[in-house]
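Just so it is clear, the structure is predicted and the values come from calculations on it, not from any experiment.
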Amino acid sequence: MRVSAKVDYAIRGCAELAAAFGEGPIKGERIAQAQEIPLRFLENILLDLRHAGLVASQRGAEGGYWLARPPEDIVLADLIRALEGPIANVRGHAPEETTYHGPAKALQDVWVAVRANLRAVLETVTLADLVAGRLPAEVEQLAADPEAWLSR
């Protein structure tokens with residue numbers, strides 16, 4: 001799986017909003033500076049997340065951004081889907097919509113399993129988990145495996 005800069009920045013920006021949840025609007029400049037994200041890029045991302053109902057905003061001197069839902073109600077998959085669509089697709093189609101023949105017939109099952117594994121992580125980690133630094137046990141277990149840290 002490739003994580004785009006857009007998704008990476010969105011999750012980091014929303015982590016800032018989650019850490020400040022309940023404090024009122026947070027200025028885009030503050031988020032951008034805290035996470036070293038280009039402000040214009042961040043503003044475009046936050047606009048997309050606002051259209052998806054994940055972030056709210058207010059203009060003006062007292063304006064800024066905040067999460068539209070509590071951080072424990074927003075999973076990382078919500079952010080990815082809002083910006084890039086389905087978690088996993090094959091040539092623009094859902095894995096279950098693919099068809100293969102002959103020796104490649106089982107490939108559909110492989111793509112479905114890949115999607116299931118991505119969901120097992122991305123649909124269980126909330127912004128609240130991320131900010132608290134306590135991930136679900138299954139995710140911590142996966143990350144604790146030394147093999148997971150090897151780049152291949």
Side-chain angles (χ1 to χ4, degrees), residues 1-90 92-97 109-152:
M1 172 183 183
R2 253 177 231 193
V3 178
S4 67
K6 188 175 189 177
V7 166
D8 182 58
Y9 290 167
I11 293 171
R12 290 165 45 201
C14 286
E16 290 291 328
L17 294 176
F21 189 72
E23 295 179 12
I26 307 299
K27 297 282 186 201
E29 295 85 8
R30 176 176 152 190
I31 300 166
Q33 185 175 26
Q35 289 297 320
E36 298 178 349
I37 300 171
L39 179 59
R40 292 275 188 230
F41 198 13
L42 176 66
E43 288 174 334
N44 288 329
I45 291 167
L46 292 172
L47 180 62
D48 288 343
L49 294 175
R50 187 172 68 82
H51 290 301
L54 296 168
V55 169
S57 65
Q58 175 181 313
R59 291 182 170 202
E62 300 299 316
Y65 301 91
W66 63 93
L67 294 177
R69 301 190 322 234
E72 57 272 9
D73 293 344
I74 300 175
V75 294
L76 301 186
D78 293 334
L79 300 171
I80 294 169
R81 285 188 187 106
L83 297 171
E84 297 191 343
I87 294 295
N89 68 58
V90 181
H93 300 282
E96 69 275 10
E97 295 172 356
D109 291 341
V110 171
W111 299 143
V112 169
V114 167
R115 179 180 61 188
N117 275 310
L118 288 171
R119 284 178 174 171
V121 173
L122 299 172
E123 289 183 353
T124 60
V125 178
T126 68
L127 286 173
D129 295 332
L130 192 64
V131 170
R134 59 165 168 52
L135 302 175
E138 307 82 34
V139 175
E140 285 186 351
Q141 184 178 4
L142 289 169
D145 180 355
E147 291 288 317
W149 291 86
L150 298 177
S151 178
R152 297 185 202 170

Side-chain contact, heavy-atom cut-off 4.5 Å: [X] with [Y]?
{"X": "Phe21", "Y": "Arg69", "result": "no"}
{"X": "Ser4", "Y": "Tyr9", "result": "no"}
{"X": "Arg50", "Y": "Leu47", "result": "yes"}
{"X": "Cys14", "Y": "Leu54", "result": "no"}
{"X": "Leu122", "Y": "Ile80", "result": "yes"}
{"X": "Val121", "Y": "Leu135", "result": "no"}
{"X": "Pro136", "Y": "Val125", "result": "yes"}
{"X": "Leu127", "Y": "Asp73", "result": "no"}

Intermediate values then yes/no, salt bridge (Lys or Arg N to Asp or Glu O under 4.0 Å), Glu147 and Arg152: CA-CA 10 Å; Glu147 291 288 317; Arg152 297 185 202 170; 2.4 Å; yes
If every non-hydrogen atom of [X] is compared with every non-hydrogen atom of [Y], which pair is closest and at what distance?
{"X": "Gly53", "Y": "Ala68", "answer": "O-CB, 3.3 Å"}
{"X": "Arg115", "Y": "Pro95", "answer": "NH1-CD, 3.4 Å"}
{"X": "Ala15", "Y": "Leu130", "answer": "CB-CD2, 4.1 Å"}
{"X": "Arg30", "Y": "Ala20", "answer": "NH2-CB, 4.1 Å"}

Rounded to the nearest 0.5 Å, how far apart are [atom1] of [X] and [atom2] of [Y]?
{"X": "Ile26", "Y": "Leu46", "atom1": "CD1", "atom2": "CG", "value": "11.5 Å"}
{"X": "Leu49", "Y": "Leu17", "atom1": "CG", "atom2": "CG", "value": "9.0 Å"}
{"X": "Glu84", "Y": "Leu79", "atom1": "CD", "atom2": "CG", "value": "11.0 Å"}
{"X": "Met1", "Y": "Leu118", "atom1": "CE", "atom2": "CG", "value": "5.5 Å"}

A quick test of your reading: do over 12 heavy atoms of other residues, nucleotides or ligands sit less than 6.0 Å from [atom1] of [X]?
{"X": "Glu23", "atom1": "CD", "value": "yes"}
{"X": "Glu140", "atom1": "CD", "value": "yes"}
{"X": "Glu96", "atom1": "CD", "value": "yes"}
{"X": "Glu97", "atom1": "CD", "value": "yes"}

Test side chain to side chain contact (heavy atoms under 4.5 Å, CB included) on Ile74 and Leu67; report intermediate values, then the result. CA-CA 9 Å; Ile74 300 175; Leu67 294 177; 4.1 Å; yes
Would you confirm whether [X], through its side chain, and [Y], through its main-chain N or O, come within 3.5 Å as a donor-acceptor pair?
{"X": "Glu16", "Y": "Ile31", "result": "no"}
{"X": "Asp8", "Y": "Ala5", "result": "no"}
{"X": "Lys6", "Y": "Leu42", "result": "no"}
{"X": "Asp48", "Y": "Ile45", "result": "no"}

Applying side-chain hydrogen bond (donor to acceptor under 3.5 Å, both in side chains), name anything that partners [X], two or more places apart in sequence or on another chain.
{"X": "Glu123", "answer": "Arg81"}
{"X": "Glu138", "answer": "none"}
{"X": "Trp66", "answer": "none"}

Chi angles and distances behind the side chain to side chain contact (heavy atoms under 4.5 Å, CB included) call for Tyr65, Glu43: CA-CA 10 Å; Tyr65 301 91; Glu43 288 174 334; 3.9 Å; yes
